[in-house]
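Worksheet: the structure to be examined is printed underneath.
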Protein chains: 6
Amino acid sequence: MNVVYTHIRRADAAVVNALAHYGVATVHEAQGRRGLLGPTLRPIFPGARLAGPAVTVSLPPADNWMIHVAVEQCQAGDVLVVAPTSYSDAGYFGELLATSLAARGVRGLVIDAGVRDVGDLTRMGFPVWSKAVHAQGTVKETLGSVNVPVVCAGGLVDAGDVVIADDDGVCIVPRLQAAAVLQASEARELKEAGTRERLQQGELGLDIYDMREKLARRGLIFRRHPAAE
Amino acid sequence: MNVVYTHIRRADAAVVNALAHYGVATVHEAQGRRGLLGPTLRPIFPGARLAGPAVTVSLPPADNWMIHVAVEQCQAGDVLVVAPTSYSDAGYFGELLATSLAARGVRGLVIDAGVRDVGDLTRMGFPVWSKAVHAQGTVKETLGSVNVPVVCAGGLVDAGDVVIADDDGVCIVPRLQAAAVLQASEARELKEAGTRERLQQGELGLDIYDMREKLARRGLIFRRHPAAE
Amino acid sequence: MNVVYTHIRRADAAVVNALAHYGVATVHEAQGRRGLLGPTLRPIFPGARLAGPAVTVSLPPADNWMIHVAVEQCQAGDVLVVAPTSYSDAGYFGELLATSLAARGVRGLVIDAGVRDVGDLTRMGFPVWSKAVHAQGTVKETLGSVNVPVVCAGGLVDAGDVVIADDDGVCIVPRLQAAAVLQASEARELKEAGTRERLQQGELGLDIYDMREKLARRGLIFRRHPAAE
Amino acid sequence: MNVVYTHIRRADAAVVNALAHYGVATVHEAQGRRGLLGPTLRPIFPGARLAGPAVTVSLPPADNWMIHVAVEQCQAGDVLVVAPTSYSDAGYFGELLATSLAARGVRGLVIDAGVRDVGDLTRMGFPVWSKAVHAQGTVKETLGSVNVPVVCAGGLVDAGDVVIADDDGVCIVPRLQAAAVLQASEARELKEAGTRERLQQGELGLDIYDMREKLARRGLIFRRHPAAE
Amino acid sequence: MNVVYTHIRRADAAVVNALAHYGVATVHEAQGRRGLLGPTLRPIFPGARLAGPAVTVSLPPADNWMIHVAVEQCQAGDVLVVAPTSYSDAGYFGELLATSLAARGVRGLVIDAGVRDVGDLTRMGFPVWSKAVHAQGTVKETLGSVNVPVVCAGGLVDAGDVVIADDDGVCIVPRLQAAAVLQASEARELKEAGTRERLQQGELGLDIYDMREKLARRGLIFRRHPAAE
Amino acid sequence: MNVVYTHIRRADAAVVNALAHYGVATVHEAQGRRGLLGPTLRPIFPGARLAGPAVTVSLPPADNWMIHVAVEQCQAGDVLVVAPTSYSDAGYFGELLATSLAARGVRGLVIDAGVRDVGDLTRMGFPVWSKAVHAQGTVKETLGSVNVPVVCAGGLVDAGDVVIADDDGVCIVPRLQAAAVLQASEARELKEAGTRERLQQGELGLDIYDMREKLARRGLIFRRHPAAE
């Protein structure tokens, strides 16, 4: 059955926008090393970062019809997340679809497939995380679904979940955990600020994290290199 | 038999130069989704684009002798297209060969293998689309052929065909179809300009492309999300 | 047995710094096409280049404990070289470790695995050559070794060897051969300067390298293209 | 939080055993082309097939501790499904673990990673679908979870779901849909039996499936080949 | 334009059947190292070998409609060659299509994509060379073409060309060169028979092929190993 | 400099033959998880296993000249280990070379590249571990070296080292450690025999390895599944 779910619930906008201050690595750690999508997803230009609730699309290989359907379900601030049901690196998405999404205030695209017109998308500043850049066209023949749970680059994404993306890749925060993960991210950042300062002064992580005894207990040996003078 | 074909016929220069205004995605669509080389070919720096007639080179894995031979067959405006007869990601091409090609007015290189000196090539502004960046050297021991048809990244390229390349990859237009594809590209661009304007105003592709009825006929269902309030 | 070798001997600093003027491709050729690490290692931002003696780290998949141990063994000018004992693309290294290494004057990192915080690393100007960008965290549970010989991206690296890295990738010069390779690099660069000038004037490699006779002897045929007018 | 869920509910044994008569391709089609795990999972020997409820394991890269924990949660007839939280092709599983599972009546293993001792496993007739064969050992240092939902080779698997596996790969049937999918599989097989007989007689699919008119409407042209006599 | 070419000319049946005695490696060498398809194509079971004229199919990713169309164009002795226009590893082909082809006397399938029901295909003895085994279904929505030239696994195949396939992979002999390649294959096999006998007697290739002088001239040095007693 | 080292020292024959009783996984563990070559090396037919001292070959991509040279350096019981200096999956080795090696009593081949004639090799029972099966021919134009240390599939192999290979892949035991690794392998096997028996009786690894307390200390929680009745 192919269905478009409407009126999805989105993570709270204030929480989403606060999460945008933290990078993918921080958020991923803050929620217990969960939610990271695979490293095959790369940004089409460096420096982009975003946070926003997901509108999800499940569609057939090399058929982008459902993206056109999904545009209507997007609100300002959303991020479109697209996953084919079978491997495809075809170019599902280009400058016209980006124009349409940008006109609605959509913040960007995450797609486990290919995109095209990346020169135009870069000039527009419309960020995309994709598996490939590929001009290969798609058809509009077969239905899929919108706002169902999808597996994208090996991770699970549901409608309304928070998408965090930057140069490191993409991380998903489940809608109902967004507030807790925001708190954990703030706490982690605070703690790291202190560590950063000590490291800048030249202190060693070995001492800051108190690792020497545990290393010795596990049996690590220090020895002058045989080739040392 | 190893042969260098001389005096190849090239696509008309005016047509080639006009095609340069259209990107790979447009030209690929305009000629019926044919001619695209595989997405493994990536530009060594962003923003490059070119169009030019192909001088083709078929050569052994990890042996770049025939590139030296092919330089002599190149004219100003040409694009060199290089394909090994067996998989290789060795570095067939670097700054000295680029210097030689640039001195003859060659516009760039497409190679289904590796290149090196990419820092220098970037500073020179000599565009290359390759499968890999690799400093691994090659030898000059075994013959190949110049200006024979080659399969490059899964696509067929013949001498004199038009090579179109940009951030999306590389597309080949057969020499005898160049004028027709130019016309089709112009027509496609014109039509897209109108669509673009409507999308910018916020109109939906669903309406512009008149998709709603076809979607309903195929059985697409719209339903309030179970988690909606 | 897990061991940290201390007091390693490093290649002579003057030689290392002189080698830094030559790119990976030149050094790789100058030492007889040896020492190149595989093309899967890519810089996280373009334009970086460095030379420095290696501090090597052998560690388990997805466990970065030994990097913390290795920091203490690094001196100003060093380059950290990290190789897991089994395939991993996890994110072993991020901005805090880079801060610690930068505070000690370490010049960069080569890692046959993933890194994260690449936006921050780029802003810091801390160069990294890695197999992947991946936010996936690692643990600190299992020992490895520091300053033992490691196989990194298919090449052998020993403590104190010279690491050369630029946009083309990474090349290793064994410590005891560094002076000889420097001389060979200087000689090669000198010779290429002459060739470059002749190529810029439009002379052909076919003539400069005196290839025509050898090509004819091997049986290369020149023939007017059948489609020529 | 790392948790081992006990007392999971399994799909009905009679339904599971009846599903075992249908192959992966049939079941996958019968449930609307859902549930298929990725084609990177291959059987370690040809001809194996099984069906059984899943006991799921989420564990760290290159750490098989949680498999030892999961054995205790397995009953006769179960299938173990193992997914690392980050890419790993290490050898998590070998002959001793297989001996332990076989002693409990477990039917086989699906693992999005590597296995070893495949010669022994073949002699034992213990079927495994894995991403790699790799003797590389793992550690037992870091916790994971048992009987939580996991993403395995791009598909979602929950504890108690039915695992179907054969030479084509692996398909997952959600526990609550098992009875319905069994019915759909029986219906599909029945229909295919009739088609098979007609094809064996030499009838064409074009006629059996009544495709000729639709092809003509879409514009398919039949034309004598230019090279025909 | 989508077209089905009928009445193709096939390579002479006597020549095709004689070519079947020679393996892929021999034929590939005999025609000057041309015509080999890429090593990504693997047989679904060991020991199969065939020769036959190609019926070619160009079709969209994950859409097998045109295979049904192509069946009608096949005669006894033919080999079906299928190539998607964009990357796909979906399962285009299974036991029902094999039943239909077998009923017409078709000898096997070469497909640059996935197949399924490989257990059944093995039991039927219907040989297939494919890029993947994958149960993922396809649709029947978009046209392609039959008996046009296709690029399959990096090699060019035209209707009526001879397909040679065995455990080594797949090689294509152009229709008009089949007789000449047969002669060259016979000659090569004859010559190798003599060499084989000498090698079995313990003679060295170094002597049989008279390599010692050429090796010395190129500068090969023989030296007692430093670790020798 | 290209050199053939003669008169290499081999690991003791009695030790080598005793090591042949232990599989790759056992030997790899017994020597501290070192020496394993990468999982890209696969046997061309199942069930083969061998042990023997290595004769090593370093050669150019797609050039098998040095294999012909290396044959002369082989003795009965040896295993040939071949590594190209740059990536190649060409078919360096086929039935004639196997005939020559078999005539000298060589036990098998390990090659980080492609082989061909695998049907013939299987019939001959000549075992090969390779990265690819590929009929693509090679040339004989460029020198390499024999019995130098090589990096093969990511692992280091020196002349005279012991090669252990079976269905799990390939493991290298340094010549001087062979006797110690044999002892460790025997000890490991003995210990595993006891464990195996207890597992066959249904005892759990959790108890045999005494894991329960350590799991609890690390914080593992057992909890009734929410969906349990």
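We name chains A, B, ... by the order of the sequence lines, and we start the count at 1 in each one. When reading the values below, keep in mind they use all heavy atoms of this one structure, side chains included, and skip hydrogens, waters and symmetry mates.
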- Taking non-hydrogen atoms and a cut-off under 4.5 angstrom, which of residues 180-190 of chain A neighbour chain B? none
- So which part of B/R198 gets closer than 4.5 Å to some heavy atom of chain A, the side chain, the backbone, both or neither? neither
- Note on the structure: Residues of residues 150-171 of chain B with a heavy atom under 4.5 Å from any heavy atom of chain A, in residue-number order, are B/D167, B/D168
- Top contributor to chain A contacts, counting heavy-atom pairs under 4.5 Å, from B/E203, B/K214, B/R49, B/R212: B/K214
- Choice from A/V69, A/N147, A/D89, A/V71 maximising heavy atom contacts with chain B below 4.5 Å: A/V69
- Part of A/R104 lying under 4.5 Å from any heavy atom of chain B: side chain
- Task: Just give me the residue among A/H134, A/R175, A/R123 that pairs up with chain B most often, heavy atom to heavy atom, under 4.5 Å.
- Result: A/H134
- Message: Heavy-atom cut-off 4.5 Å, strictly under: side chain, backbone, both or neither for B/L215 against chain A?
- Response: both
- A/H68 vs B/L204 side-chain heavy atoms within contact, under 4.5 Å: no
- Query: Which of residues 4-39 of chain A get closer than 4.5 angstrom to chain B, counting heavy atoms alone?
  - Reply: A/V4, A/Y5, A/T6, A/H7, A/I8, A/R9
- side-chain contact (heavy atoms from CB on, under 4.5 Å) assessment of A/L96 paired with B/L199: CA-CA 8 Å; A/L96 285 182; B/L199 291 168; 4.0 Å; yes
- Quick one: OG1 on A/T142 to CZ on B/R218, what's the gap to the nearest 0.5 Å? 6.5 Å
- Message: At a heavy-atom distance under 4.5 Å, which candidate from A/Q73, A/M1, A/E141 has the highest pair count against chain B?
- Response: A/E141
- salt bridge (charged side-chain N to carboxylate O under 4.0 Å, His left out) partners for B/R224, two or more places apart: none
- Checking side-chain contact (heavy atoms from CB on, under 4.5 Å) for the pair B/L220/A/M66: CA distance, chi angles, key distance, verdict? CA-CA 10 Å; B/L220 188 65; A/M66 294 313 287; 3.8 Å; yes
- Query: Is any side-chain heavy atom of B/Y209 closer than 4.5 Å to a side-chain heavy atom of A/K140?
  - Reply: no
- Could you tell me which of A/G137, A/A103, A/G119 has the largest number of non-hydrogen atom pairs under 4.5 Å with chain B? A/G137
- Note on the structure: Heavy atoms of B/R196 and A/T99 approach each other most closely as O-CG2, 4.0 Å
- Rounded to the nearest 0.5 Å, how far apart are OG of A/S100 and CD1 of B/I208? 7.0 Å
- Message: Could you check whether atom CD of B/E197 has more than 12 heavy atoms from other residues, nucleotides or ligands sitting under 6.0 Å from it?
- Response: no
